[in-house]
Amino acid sequence: MSRGTSYAVNRMSTSGAGVYQHHGGGVDNDDDDLRQEYDTMERWLDEHPEFVHDYFARKARKSMVDGWLIAHALSGADNLSTSSASSNSRTSSGANTPVRKISAQEFERGGILNPIISTVDGLPTFLGPSASSTPTQAKCRRRSKSELKALDEKELMHELVMDICNDLDVTSLCFKILQNLCILLNADRCSLFLVKGTGEKYLASKLFDVTCDSEFETVSDREDEIRIPLGTGIAGYVAKMGEVVNIPDAYQDPRFNNEIDLRMSYKTRSILGMPIKDSEGEVIGVAQAINKISVKDEPFDEHDEKVFASYLAFCGIGLKNAQLYERSLLENRRNQVLLDLARVIFEEQSNVAYLIHKIMMHTQSLLQCERCQVLLVEDASKALFSQVYDLQASDFDNDDSYNREGVNEPRFPLNIGITGYVAATGEILNIPDAYADPRFDPEVDKGTDFHTRAILCMPIKNVNGKVIGVSQLVNKIDGTTFNKNDENLFEAFAIFCGMGISNTQMYETAVRAVAKQRVALEVMSYHAIAPEEDALKLKKVSIPSSQHFNLLDYKFCDFNLDDDNTLKATIRMFLDLDLIENFKIDYEIFCRWMLSVKKNYRNVTYHNWRHAFNVTQTMFCMLKTGQMNNILTDVERLALMVGCLSHDLDHRGTNNQFQHKTMSPIAELYGTSTMEHHHFDQCIMILSTKGSDIFRNLSQEAYEQVIVLLESAILATDLALYFRYRGQFFQLVKGDNPDWTNDDNRNLLRSMMMTASDVAAITKPWEIQRKVASLVASEFFEQGDLEKEKLKVKPIAMMDREQIDKLPDLQVGFIDDICMPVYEAISRVSPRLSPLLEGCQQNRSNWLMESRAVNKRLDEKKVENTDKDKDEDKEKNEEEGKEKANEDVGKEKEKEEEEEMELEEDEDTVVENVNVSYISAESHKSGRGSAGARDGCSSSYSEVDAKPKMSASDNT
């Protein structure tokens, strides 16, 4: 028996190795009859596909179906089928994850893509059986060996080239190449080695010693792989040098290793080795032909070399295409795995430990490592690993029961060991020998049965690039080191892991924030709700009638009522409207609710409990005195009364614009009607708290209806909404007999009633209106002061206390723009509401008179200031005239003095001339010497200098 045949028969007994599989044990290597029986059985199954289908449908297990799907989806690629068979993850789920942006038009270049299908476990995938994935050898019948040998050399070359040109499966293609080489070169057997490796390259082969009679299933099922470093042996030399080697006697060549011959009892004589190159001339493999079959055992000659080179030229192209196709399948498969991981991540975001465990299971099953670890960095300290998750291959379970929750929290420093280095630097570490790395601590293996060999450590980063943890793989199961492909795939896993962990941590943070919010809400509710003792006390108090409080009068004033009486008056309004009885409101709960509402109004200048009470009284008066209760239902009346009393809850004394300008938390919660939404939320908070839930006895339908009406009522107090909808209401009431059965019309009516109640202070008697206007102005001025202080802006006139004189004009404008139109409109709905309009008109006249009086005072003051300015200007002009006159007198005096000075200078000149002439004459007469003359001249000048006028007079 030949060495190749013996090896193939030995491999037949391996579990799962092709069709020669025996469930009761291994197949006897020497039992040819049993093998023949298997061949006969397989042929019978091929001839009876109906039986095979029926048997498969009844007997097939889930693992067999998944294996079939994967095998067909991956076109029978050996590497992928091996990986998927050994993987315990859900390998057939997911779809393509694009690594770059791509349009649908680009996909059309490759024809129609596969539709999405479901695997047996119901998960989606784009990978499915297709005609292109069927192995080529199953499509067309190859000619027999005798038929091929009958062809001449050119026809044989053409036939063998055509045989390999359409095969894109690397293993199948290599097998065909070797069998064809045996025929072409008349060789006993051939081997083919492929160049592999990213850094240090090597030759690898599962197809060696292939003969013309070898079976593809037998050869392709070999699990072990021969690896030869470049430059080692004959094949290594050919790969490294790229040269042809023709050895007539192998035992005479020092590169030949005869160990295989001794082990297989085979005699290698001649060897012809040649490199396989791609289109760029790069060596991608080595083909070897062994022992040329001839009568005299002749070696391979030069003609064989030419034939060998010619055929390998075509083989290089086909092999390169097959490798590119296999790489595309690998990329597709990797995308499938990553999408499966993404599905896992986004399916589970409620618990970090649960998510990490599922990620580790997928990582370990795909990369086939003995241990997988994930270490999370403590966010608070930034210097500790707070959590460590560890999964060993022995812990791996394939029943989809990811229930491992045990997380260790050693809390060791971040700068220790390999993981600490990766966490600190953010670098990737691929360590082939852990014990040779000084950063590795051998103590971790002591006391355990585990021995650390290779380590692949990767940082886990969030979307901002911040390191939030470290993921570490230890020891590949096959004993090799982690390669570049492992790094690339693990890096993608780390990216998805970072996204998942970051999102889950954010989710957990949000959950904790919600929990804190609930606790805070409970605390706030406890302190916001009035004490039960106060409710019991109020419950026992007798409630006077509406006439006692004058509640049915539009001119009602609360100035003479204290807070206790306002509470009693509020109770009376609800009693007179029969709301407590009709809705079965517990009286004690109602008292506590009302006290709680009062408690939740802040002590601001105007928008406080008193304002809410007055708005409620106006609504009550409109319902009773104005007979609006004849139009509205009990539920609507309840919503309006509760809405009026709650419409300004927790008002801060500032308007919506101020909230947005200061970017307050309330403004971040609500985009429009900011404070009104806040008032409604506060109202619901009180109504939902046990002990103040006055709606507790309402039916579900009634409760939902009253809540909707209540929200609409409170939001209607936003004047922006009033301006938006009042045009429709004005148009509605101008017609004859408006249809109040229409829901939209009723909604408009309730909104206008809320606005009319909210601004009803403008309808009160003049003395009340002036006081209320002063309160409103004071609150506005306080907001204006805040705008000056915080926002450094000048407030509008309405809120600028420096422009208080404009208050009457502003009030007139407020009445004309807002109040008068709404009161005119609702007066058309019910004539009994006309007192509101009349009060508004009267106050407009009063404010107009006030405005005229203020303007008159301002004008008088302006005239007075003008006269004063004129007097000041006159005095100023007179003073300027006097100053000018004085200046002129001074100038005349200066001029006179200058003239006198000039005259004196002239006189001095005359005296000097006279003295000089006199002295000269006397000197000449007396005959005195020069000394006497000098003395006389000196004396005369001295006198003139001392007393110029006298000297001049005397001389004259």
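Residues: numbered from 1 along the sequence shown.
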Phe729 vs Trp740 aromatic rings, parallel, tilted or perpendicular, using cut-offs 30° and 60°? tilted

Assess whether side-chain contact (heavy atoms from CB on, under 4.5 Å) is satisfied between Thr504 and Tyr354, documenting all intermediate values. CA-CA 10 Å; Thr504 306; Tyr354 189 70; over 6 Å; no

My understanding is that only one of Leu836, Thr755, Leu837 makes a side-chain contact (heavy atoms from CB on, under 4.5 Å) with Ile826; could you say which? Leu836

Going by an N to O cut-off under 4.0 Å, is there a salt bridge joining Asp576 and Lys624? no

Minimum side-chain heavy-atom gap Met628-Met619 below 4.5 Å: no

Spacing of Met754 atom CE and Ser712 atom OG [to the nearest 0.5 Å]: 9.0 Å

Any side-chain heavy-atom pair of Pro835 and Thr763 under 4.5 Å: no

Relative to each other, are the rings of Phe730 and Tyr722 parallel, tilted or perpendicular (30° and 60° limits)? perpendicular

Applying ring pair (Phe, Tyr, Trp, His ring centres under 6.0 Å), run through His647 and His607 and close with a yes or a no. CA-CA 10 Å; His647 82 282; His607 290 94; 7.8 Å; no

Charged N to carboxylate O below 4.0 Å: is that the case for Arg592 and Asp534? no

When Phe613 is tested against each of Tyr601, Phe559, Phe620, Phe556 for ring pair (Phe, Tyr, Trp, His ring centres under 6.0 Å), which residue passes? Phe556

Under 3.5 Å, is there a donor-acceptor pair between the Asp744 and Asn747 side chains? no

Compare all side-chain heavy atoms of Arg652 with those of Ile666 and state whether any distance is below 4.5 angstrom. yes

Take Gln783 and Thr654, measure what side-chain hydrogen bond (donor to acceptor under 3.5 Å, both in side chains) needs, and give me the verdict at the end. CA-CA 6 Å; Gln783 176 175 327; Thr654 53; 5.1 Å; no

